[in-house]
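In what follows, a single structure is set out as structure tokens and then discussed.
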Amino acid sequence: MADPKGFLNHGREVARTRPVDERLRDWNEVYVPGSLLPIISKQAGRCMDCGIPFCHNGCPLGNLIPEWNDFAYREDWSAASERLHATNNFPEFTGRLCPAPCESACVLGINQPAVTIKNVEVAIIDKAWEGGSVAAQAPERLSGKTVAVVGSGPAGLAAAQQLTRAGHTVAVYERADRIGGLLRYGIPEFKMEKRHINRRIEQMRSEGTKFRTGVEIGRDMDAAKLRKRYDAVVVAAGATVSRDLPVPGRDLNGIHFAMEYLPLANKVQEGDYVAPPLTAQGKHVVVIGGGDTGADCVGTAHRQGAASVTQLEIMPRPGDDRAPGQPWPTFPMLYKVTSAHEEGGERVYSVSTTHFEGDEDGNVQFLHLIEVEFTDGKLTQKPGTERKIPAQLVTLAMGFTGTDQENGLVAQFGLELDARGNIARDADFHTNVPGVFVAGDAGRGQSLIVWAIAEGRSAARGVDRFLTGASELPAPIRPTDRALTV
């Protein structure tokens, strides 16, 4: 193990964030550059190298966490990077964006603050890139088989990289103008600078993966023709249909899905716009939805100069500590203060939107809400608690309901759906159409980035077996596996 007394001698320390007034003036990542290296060795040394490391159960990738903690403690960054990449294609993504179910399952977390696994992970990969130990891994020989991957989010990219390294010729099709899916346009720059994506894409190109942007399968290219062109297809199109709010006034100007609002802000950072076509500047902003996407809208609105920002959540405020019904090592629902929440704004829990009110020109001006409570599992409104708040820009960040079916992809392939509206698949991630596989949110439903990468890696094994009859690629999860929750 690393330091036998590390968890006794050292408390939990996390990466320092830049002052709020400083980071609101730019779009760079919120953390102080280089702040992890002076503390990360001691933090990695807090890992107890448990006999049964439950962090492995918390993470669907099966990350070898005690092993790379040990190498990080000894500052052997090359060995740590090798162990990290053994199970995770993109640790710089997960180390920045994952909510860290591994830390919730950390054995030390039973009665002490858990090991800072995420911080150790991102310190390892950043040091590896800095030291030049992250290299392209081109296959020694080609199989002669071709694979199309539809979608370039984390699931699609993981599947593409695994299959390319196995010797297949892989082309990734992305309907947007740049590769990355929601990593590119759904995640704000202050959470993950897009240079991290660009660097990985160049590595994948060096390995032999081809990329086709601006091509939407189902609209720009018939899915059936794509199937005929390639020996196998991986559908990793995500669950991109946003959950709507069908209340009176929804059609007023100024009410947008989060995924209409966030990409435009990211396109400014890409240089496509000088100013975003949709901005919070000088407006009273209301974000409906208390999750990570909602927090992304909050942080974006702050940087655009919103007059006020209010985030609404229909559920009650979570507790600061584990609830009795959410025991270790399950992933608990806790009150979380993200960097965006540190920057200001108001958070309101246990409320439901009843309707929107607009001006004579059809622009939203107010949001009407009412307090709610859950009684015997049923949502009920509390009479006499109605009120309205100013709202000149409203973003709907209430999650996603499934894969886009309007573009024709599902119908043209002839794919069957499961009871939840996701694309159905068997134990090898194979759909009902021979040679067509599905990975990520398109098959699982809305989930976390670690599950997307795990799905991409597992689906790649299924494709490899389909093409060659056998596979040595790893498959960390089954399609039926679910997160460690209660």
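Predicted model only: the values in this text are computed from it and were never measured.
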One pair to check against side chain to side chain contact (heavy atoms under 4.5 Å, CB included): N432 and R425. What are the steps and the verdict? CA-CA 7 Å; N432 61 295; R425 65 267 183 93; over 6 Å; no
Quick one: do E343 and R23 make a salt bridge, cutoff under 4.0 Å? yes
May I ask you to say whether D126 pairs ionically with R96, meaning some side-chain N is under 4.0 Å from a carboxylate O? yes
Does atom CZ of R465 have more than 12 heavy-atom neighbours, drawn from other residues, nucleotides or ligands, at distances under 6.0 Å? no
Do L312 and R347 come within less than 4.5 Å of each other through their side chains, counting heavy atoms only? no
Using a strict threshold of under 4.0 Å (side-chain N to carboxylate O), is an ion pair present between D26 and R18? yes
CD (E103) and CG (L108) are apart, to the nearest 0.5 Å, by 10.5 Å
Under 3.5 Å, is there a donor on one side chain and an acceptor on the other for D441 and Q446? no
Kindly write out the residues that satisfy ring-ring contact (aromatic ring centres under 6.0 Å, His included) with W328, not counting sequence neighbours, or none if the list is empty. F54
Could you walk me through whether S242 and T401 satisfy the side chain to side chain contact (heavy atoms under 4.5 Å, CB included) test, starting with their C-alpha distance in whole Å, then the side-chain angles of each, then the deciding distance to 0.1 Å, before giving a yes or no? CA-CA 6 Å; S242 299; T401 60; over 6 Å; no
Taking it one step at a time, do N69 and Q43 satisfy side chain to side chain donor-acceptor pair (under 3.5 Å)? CA-CA 9 Å; N69 273 335; Q43 292 304 302; over 6 Å; no
Any non-hydrogen side-chain atom of M259 less than 4.5 Å from a side-chain atom of Y185? no
Got a salt bridge between D70 and R83, using NZ or NE/NH1/NH2 to carboxylate O under 4.0 Å? no
Any side-chain heavy-atom pair from W68 and N63 closer than 4.5 angstrom? yes
Would you mind telling me which of I217, T240, L409 makes a side-chain contact (heavy atoms from CB on, under 4.5 Å) with R175? T240
Contacts of D481 that satisfy side-chain hydrogen bond (donor to acceptor under 3.5 Å, both in side chains) - sequence neighbours left out: R478
Tell me, with the steps shown, if D320 and R317 meet salt bridge (Lys or Arg N to Asp or Glu O under 4.0 Å). CA-CA 9 Å; D320 296 324; R317 180 192 184 282; 3.3 Å; yes
Is there a side-chain contact between L245 and I288 (heavy atoms, below 4.5 Å)? yes
Regarding Q137 and Q203, do their side chains bring together a donor and an acceptor under 3.5 Å, going by distance alone? no
Is the shortest heavy-atom distance from the side chain of I179 to the side chain of L157 under 4.5 Å? yes
For R195, is the CZ atom crowded, meaning more than 12 foreign heavy atoms sit under 6.0 Å from it? yes
When you look at T209 and T164, which way does the side chain to side chain donor-acceptor pair (under 3.5 Å) test go after all the steps? CA-CA 6 Å; T209 304; T164 297; 2.7 Å; yes
CE (M333) with more than 12 external heavy atoms under 6.0 Å: no
Determine whether T330 and R322 satisfy the following criterion, side chain to side chain contact (heavy atoms under 4.5 Å, CB included), listing intermediate values before the conclusion. CA-CA 10 Å; T330 61; R322 282 184 181 272; 3.8 Å; yes
Any V287 side-chain heavy atom under 4.5 Å of T310 side chain: no
Does E130 pair with K127 as a salt bridge, N-O distance under 4.0 Å? yes
Could you walk me through whether K191 and E29 pass salt bridge (Lys or Arg N to Asp or Glu O under 4.0 Å), step by step? CA-CA 6 Å; K191 282 182 66 175; E29 290 181 7; over 6 Å; no
Determine, using ring centers only, whether H196 and F93 are less than 6.0 Å apart. no
Any heavy-atom pair between the side chains of L226 and V233 that's under 4.5 Å? yes
Verify whether the ring centers belonging to Y173 and F211 lie closer than 6.0 Å. no
Are R227 and D222 within salt-bridge range, i.e. N to O under 4.0 Å? no
Run the salt-bridge test on E472 and R461 with the 4.0 Å N-O cut-off and return the result as yes or no. no
Check this for me: does any side-chain nitrogen of one of E189 and R184 sit under 4.0 Å from a carboxylate oxygen of the other? no
Any non-hydrogen side-chain atom of E174 less than 4.5 Å from a side-chain atom of V150? no
Within the 3.5 Å criterion, strictly below it, is a donor on T403 or N422 matched to an acceptor on the partner's side chain? no
Could you work out, with salt bridge (Lys or Arg N to Asp or Glu O under 4.0 Å) as the rule, every residue matching E416, not counting sequence neighbours? none
Answer yes or no: are there more than 12 heavy-atom neighbours, outside F466 itself, under 6.0 Å from its atom CZ? yes
Donor + acceptor pair across side chains of Q162, D464 (<3.5 Å): no
Starting from the C-alpha separation in whole Å, work towards a yes-or-no answer on ring pair (Phe, Tyr, Trp, His ring centres under 6.0 Å) for H256 and Y261. CA-CA 7 Å; H256 302 270; Y261 172 61; 8.1 Å; no
State whether E455 and R444 are salt-bridged, where the test is any N-O pair (Lys NZ or Arg NE/NH1/NH2 against Asp/Glu carboxylate O) under 4.0 Å. yes
Is the closest basic N to carboxylate O distance between K267 and E270 below 4.0 Å? no
With a 6.0 Å cut-off (strictly less than), is the heavy-atom count around NZ of K210, excluding the residue itself, greater than 12? no
For R229, look at atom CZ and say whether over 12 heavy atoms of other residues, nucleotides or ligands are found less than 6.0 Å away. no
Evaluate the side chain to side chain contact (heavy atoms under 4.5 Å, CB included) criterion for residues T17 and V32: first the C-alpha distance (whole Å), next the side-chain angles of each, then the deciding distance (0.1 Å), finally the verdict. CA-CA 5 Å; T17 55; V32 175; 5.9 Å; no
